Amino acid sequence: MGIPTATYRLQFNYQFGFNAAKEIIQYLDQLGISDLYASPIFKARIGSSHGYDVVDPNQLNPELGTEEDFTALLEALKQHQMGWLQDIVPNHMAYDSQNEYLMDVLENGVNSVYANYFDIAWNTPIMNGWGDGEIPILAPLLGNFYGESLENGEIQLKYDQYGLSVNYYNLRFPLKLESYATFLNQNIGKLSQILGRNNPIFVRFLGMLYMLKHIPSDINPKERQDQINFVKGLLWELYTDNREIKNFIDENIQVFNGEKGKPDSFNLLDNLLSEQFYRLAFWKVGAEEINYRRFFTINELISVNVENFMVFENTHALMIKLVKQNQITGLRIDHIDGLYNPTQYLQRLREKVGDIYIIVEKILHPGEDLPNHWSIQGTTGYDFLNYLNGVFCQTASQAAFTQIYWNVTGLRTAYEQIAVNKKHLILERNLAGDVDNLTYILKRIASKHRYGNDFTINGLKRAIAEILTLFPIYRTYTNQDGILPTHRQYIQDVIHQAKSHLPLLHHELNFIEKLLLLEYENYLTPEDQEQWLYFVMRLQQYTGPLMAKGVEDTALYVYNRFISLNEVGGDPDNFGISITNLHDFNQQRNTRWRHSMSATSTHDTKRGEDIRARLNVLSEIPQEWQKQVDAFCEINRVHKTTVNKRLPMPDSNDEYQFYQMLLGAFPFFEHEYHDFCQRIQDYVLKAAREAKVYTAWLRPNQTYENALTKFVTAVLEPGEQNQFLQQFLPFQKQVAYYGMFNSLSQTLLKITSPGVPDFYQGTELWDFSMVDPDNRRPVDFEIRQSYLQMIKEQAQADIMRLIDELLATKEDSRIKLFLITQALKARKENLIVFQQGDYVPLAVRGKHSDHIIAFARSDGHQTMITIAPRFFTRLIQPGEYPLGLSVWDDTHIQLPPAAPSHWQNTITGQMVKANNIILVGEALQHFPVALCCKL
């Protein structure tokens, strides 16, 4: 198995394709990257900016380039001995007209060749045979109510060589076969009069109509589809060869499409739509009446039944082929928690792809671990990100920041309660239909048992909602092999809490607990046990989406005490961690998941890594922050909007979040200011909608949004008269100064800690990106290439002079690029140490011992020592550098027994002497961090 030395994430899209990637391969190689880490490259919806809306997993996305372009990119990677880590999406595909598999299902229903591809109600093994009948699959994709869309003429019937279709703007849905007869029988008498009943063309038409009506539904789906295609071809020939037939069909199209202003004229089309295997609906209907599983709450992404072995093989065919051809050398599995049976999926995947590097996108709760029987190398690294970020947050300031938050906003609700409240909100507004589906399954199970016979739909629904809401982790992994021991306690704790919240539903909760713990009664038949397990495995698929939408996409925008901690997989209630906590995490990781990915920015993070590094400076200076934010609020009070004597808008919580993000993301250079103002305006609007307090994506509040936009515009209005900027800029500059040193320490720790360091595109320079889509903006690789070339040339000529220049011009980001280059070079040259070596925390003593994070990586032959400072505001004044004995005094690192007396700092090339200790001031004599190797 090839373990990456370091990965670089590229976001492929129609603006950045295979050829663009090929142009930077040499640059990535020179940077020290071993593996290109690619976003999904398989055929996605036209214009996709991310690739997760796949329409065909067995085609390369033509918007990224041709097969020849792809091959040329692979050849460039091989020339540089680099690998390809591919992000794949097994959980879902796009609910879109371009998804031919899904369109076949919408046309043919359960008789489709692909009927078992998608997670639709009629496909489930338990629902089948329970007498519910075939319910049309919901298509909640309309921008308005169905009736209004219909009578406004937005829904139109069309005919072309592919057949009859229903069209709504760029959506095109096929008609079921039986509807062709309905359509073609309309005004058929008129056609008979025009052509004559004995006319050969009319006879052919009637024969074709007879064939349409008599294609059997109980034959092999592929044979049936062949017959359908044959009849459709005959109809198209008639249409193109005969003017009377063409006029007849065109006139029918016009009649069915109705006339705006005449509601009754749309009855024919309305009736035709009522016959389909799908039901067009307003997009908001999906929140309450969904009968297919989605990705989270996104109607446009329909989940795939990848647990079906045939579906697994068919949807993974191209990817597996590329792996076997050694073109893809590693896999990243998107949204593993969405799958019905993740364990089974990973087993099948490993059998197919063999011994290659596999990681999963998995959010771990603090203290939670991956199932140890999964044959993978680890996660995408959110656990590492939050531990790393937390060590730069001054934990002693927690009480002060809580008080500041109370003073500014008046909000005293605990984060834990906010998270629960917001999960309830998401259940009620976005996942109500999904909870209903779970409840119906549970009701059928309960009704077969004497103790559950009296349970009501309403009671069971409330119980399920409470359990989903209280679940503290993303999901459990119960399957046919049973429950993981570590998950049993989670289930029991959740049920216990639920009983205290719902005292009148003890019986229901006891029953659900037995199901979740698989405590089968002796009298249960194998079919009954299958139903129990099915319910449990279904429920597991919804705790993750609820956590993601309720916490990540809602609560993290509401609880704004300190937004550096409001990150994917993070816990804002935990105000930082100690150095010991970080060492413990790294040691455990090195023992269990030493090849897990180490990320600091991803396409899903809430803010760029260097924004968090800046914000963490505030945790060191709470009194100054209190003073500044009070001044900000007072100055900007005049820019708030009051409507009908209500509280001024925006509210203080949104305002407080805005000031933090402004400090973190503010650009170094004036020429970036105009674009920045628009970017942060977009951010605060998205943040307000995500918070779902005053406005939301489902129910935009234009009054509040206008007030918010007006506020941000006024606050950032350039000019000498702007009192706020006069107050803000000196403070922001101070915070940004210290933030750069935090960033350098953070970068070194990522590269040298256990795991595979991952670099999100563009973050080799300062990364002040905000949440998506801001963090998916195009990257200027030309400037990065020129910077790297200059750094390498000057480092070879006179590295100390280069370092002095980089320190003097650190705002331009080259200092971060230099550090990455030097550290990755050292990592590559000592790869066994970093991939297989021990992790040994090193004790730090002396005046500033709490400011140094130090550890050794050793494999018995070589030892590498990492030295990374933190909490710079108590070390230096703005404009000074954290370098030399004058700053660090007697602070020193105690070395392991028998450690050598001579070391080399691989960042600067300088020699560092040791006598059982390393003086920090000597190791950090020229550069703010050090990576020392044994000579």
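Residues take their numbers from the sequence shown, with the count starting at 1. Side chains are part of it too, since the values below use all heavy atoms of this structure and drop only hydrogens, waters and symmetry mates. Because the structure is predicted, anything quoted here is derived from the model rather than measured.
- In summary, K158 and D160 do not engage in a salt bridge, as defined by a charged side-chain N under 4.0 Å from a carboxylate O.
- A centroid separation of 6.0 Å or more is found between the aromatic rings of Y162 and W236.
- Salt bridge R538/D434: absent, no basic N to carboxylate O contact under 4.0 Å.
- The existence of a salt bridge linking K423 and E428 is excluded, since no basic side-chain nitrogen approaches an acidic carboxylate oxygen closer than 4.0 Å.
- A donor-acceptor contact shorter than 3.5 Å links the side chain of Y180 to the backbone of L164.
- Counting heavy atoms from C-beta outward, Q161 and K232 have side chains that stay 4.5 Å or more apart.
- A cation-pi geometry, defined here as NZ or CZ lying under 6.0 Å from the six-membered ring centre and within 45° of its normal, does not hold between K549 and F296.
- Under the 30°/60° scheme for interplanar angles, the aromatic rings of H449 and F511 are found to be tilted.
- Using cut-offs of 30° and 60° on the angle between ring planes, the pair Y520 and W532 is tilted.
- Residue V311 comes nearest to V304 through the heavy atom pair CG1-CG1, 3.6 Å, listed as atom of the first residue, atom of the second, then distance.
- Residues E508 and R462 are not paired through a salt bridge, judged by the lack of any N-O separation under 4.0 Å between the basic side chain and the carboxylate.
- The shortest non-hydrogen separation linking I376 to V360 is CD1-CG2, 3.7 Å.
- I245 and N242 make their closest contact through N-OD1, 3.0 Å (heavy atoms, listed as atom of the first residue, atom of the second, distance).
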Handout entry: D56 vs Y101, side chain to side chain donor-acceptor pair (under 3.5 Å): CA-CA, chis, key distance, verdict
Key = CA-CA 8 Å; D56 189 344; Y101 306 107; 2.9 Å; yes
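- Inter-residue side-chain proximity for P57 and M319 is flagged as unmet; no heavy-atom pair is nearer than 4.5 Å.
- In plain terms, the two heavy atoms of N479 and N341 that are nearest each other are ND2-OD1, 3.4 Å.
- Ion pair R294/E300 not flagged as a salt bridge, since none of the NZ, NE, NH1 or NH2 atoms sits closer than 4.0 Å to an Asp/Glu carboxylate oxygen.
- Using bins of under 30°, 30° to 60° and over 60° for the plane-to-plane angle, the ring pair F183/F256 lands in the tilted bin.
- Test K362, R475, Q540 against D337 for side-chain hydrogen bond (donor to acceptor under 3.5 Å, both in side chains) and you get one pass: K362.
- Looking at T439, its side chain never comes within 3.5 Å of a backbone N or O of I457 through a donor-acceptor pair.
- Within 6.0 Å of CD on E67 lie no more than 12 heavy atoms contributed by other residues, nucleotides or ligands.
- With ring centers used as reference points, F248 lies under 6.0 Å from F205.
- A salt bridge does not link R348 to E313: none of the charged nitrogens lies less than 4.0 Å from a carboxylate oxygen.
- Contact annotation: the side chain of D334 never approaches that of I88 to less than 4.5 Å [non-hydrogen atoms, C-beta and beyond].
- Ring to ring, Y292 and H92 are not that close: their centroids are 6.0 angstrom or more apart.
- Ring geometry for Y345 versus F312: interplanar angle over 60°, hence perpendicular rather than tilted (30 to 60°).
- Residues L698 and R429 come closest through the heavy atom pair CD1-O, 3.9 Å.
- A 4.5 Å side-chain heavy-atom check between E107 and L177 finds every atom pair outside the cut-off.
- Side chains of K246 and T240 form no contact here, defined as non-hydrogen atoms less than 4.5 Å apart.
- The minimum heavy-atom distance linking Q86 with P40 is given by the pair NE2-CA, 3.5 Å.
- Using a 4.0 Å cut-off between charged side-chain N and carboxylate O, E275 and K176 make no salt bridge.
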